[in-house]
Amino acid sequence: MNKRKQGRRSAGNSSATGESVDFGPLASWVGFNLRLAQEASFHAFSRRSREVGERPGRFATLTIIARNPGISQTELSQANGRDKSSVTPVIEDLVRRGLVERKRVRSDRRAWRLNLTSAGKRTLATLMRCARVHDRNLDRVIGRRDRERFLQILKKITAKIK
């Protein structure tokens, strides 16, 4: 099979006209396929979280704050893998909605410590149920036997590629 056909067959995506799209070398590049997989997973989780009236991006933020009471915004942005400027509007939204409280650090008036409110804990519990269902669906695709190795590979990519 020639590379063009292999790229078409491997990608498995269809264009609006129903014809297979030629991805060329992208079809076998890990980074491209990793992005497509992340997008597919994100959209599936988005549908679930929208059903409960929440945005999926809030789940990781609320989880990290819940597991690390008093975390700073800088620590949160690093843990979330995002720059501080993109985390700030998320925090402001969560504070405005009464899900997160911010307290100034006495020793550094520029720094804030973050905690979930009672409403934030309830919202996180609802999102956690959605995430568990979503994760079980991913397990069906990945396979329970391959899950641990798959997670190891993803974590290795995260740690080594910067």
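The structure presented is a predicted model; accordingly, all values stated were derived computationally and were not measured. These values consider heavy atoms only, across backbone and side chains, with no hydrogens, waters or symmetry-generated copies.
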What distance separates L116 CG from R122 CZ, expressed to the nearest 0.5 Å?
11.5 Å

Quick one: do the T126 and R129 side chains pair a donor with an acceptor below 3.5 Å?
yes

Treat each ILVMFWY residue as a node, draw an edge where side-chain heavy atoms are under 4.5 Å apart, and state whether L26 and V30 are in one component.
no

Do any N or O atoms from the side chain of E75 and from the backbone of S72 form a donor-acceptor pair under 3.5 angstrom?
yes

Below 4.5 Å, heavy atoms only, C-beta onward: do W29 and F23 meet side chain to side chain?
no

Rounded distance (nearest 0.5 Å) linking atom CG of N80 with atom CD of Q78
11.0 Å

CZ of R113 to CD of Q73: how many Å apart, nearest 0.5 Å?
10.5 Å

Report the C-alpha distance between R147 and D135 in whole Å, list the side-chain angles of each, state the deciding distance to 0.1 Å, and finish with yes or no for salt bridge (Lys or Arg N to Asp or Glu O under 4.0 Å).
CA-CA 11 Å; R147 177 187 175 83; D135 215 44; 2.8 Å; yes

In terms of heavy-atom contacts, does CZ of R67 have more than 12 from other residues, nucleotides or ligands at under 6.0 Å?
no

Picking from L124, L62, L127, what satisfies side-chain contact (heavy atoms from CB on, under 4.5 Å) with E54?
L127

Test item: F59 and S49 side chains (from C-beta on) under 4.5 Å apart, heavy atoms
no

Is there a donor-acceptor contact under 3.5 Å linking the side chains of Q38 and S41?
no

Donor-acceptor under 3.5 Å (S86 side chain, R82 main chain)
no

With rounding to the nearest 0.5 Å, note down the distance linking CD in E39 to CG in L34.
11.0 Å

Would you mind reporting whether K103 and W112 have side-chain heavy atoms less than 4.5 Å apart?
no

Show the numbers, then the answer: is there a side-chain contact (heavy atoms from CB on, under 4.5 Å) between L114 and L94?
CA-CA 11 Å; L114 306 170; L94 294 171; over 6 Å; no

With a 4.5 Å cut-off on side-chain heavy-atom distances among I, L, V, M, F, W and Y, is there a chain of contacts connecting F150 to F32?
no

Shared ILVMFWY cluster between M128 and I64, side chains joined below 4.5 angstrom?
yes

Please check this pair: side chain of D22 against backbone of G24, looking for a donor-acceptor N/O pair closer than 3.5 Å.
yes

Less than 4.5 Å apart, any side-chain heavy atom of L99 and any of K121?
no

Within the 3.5 Å criterion, strictly below it, is a donor on S77 or D83 matched to an acceptor on the partner's side chain?
no

Tightest non-hydrogen contact, residues N33 and A27, listed as ND2-O, 3.0 Å

Would a 4.5 Å heavy-atom cut-off, applied to side chains only, mark V100 and T61 as touching?
no

Answer whether the closest heavy-atom distance between the side chains of R132 and R136 falls below 4.5 Å.
yes

Would you say L154 and I142 are hydrophobically clustered, going by side-chain heavy atoms of ILVMFWY under 4.5 Å?
yes

Over all atoms of both residues, closest heavy-atom pair of C130 and F45
C-CE1, 3.8 Å

If only atom types and distance count, is the side chain of N115 paired as donor or acceptor with the main-chain N or O of R102 below 3.5 Å?
no

V95 side chain reached by E101 side chain, heavy atoms, under 4.5 Å:
no

Considering only heavy atoms from C-beta outward, does the side chain of N137 approach that of R48 to under 4.5 Å?
yes

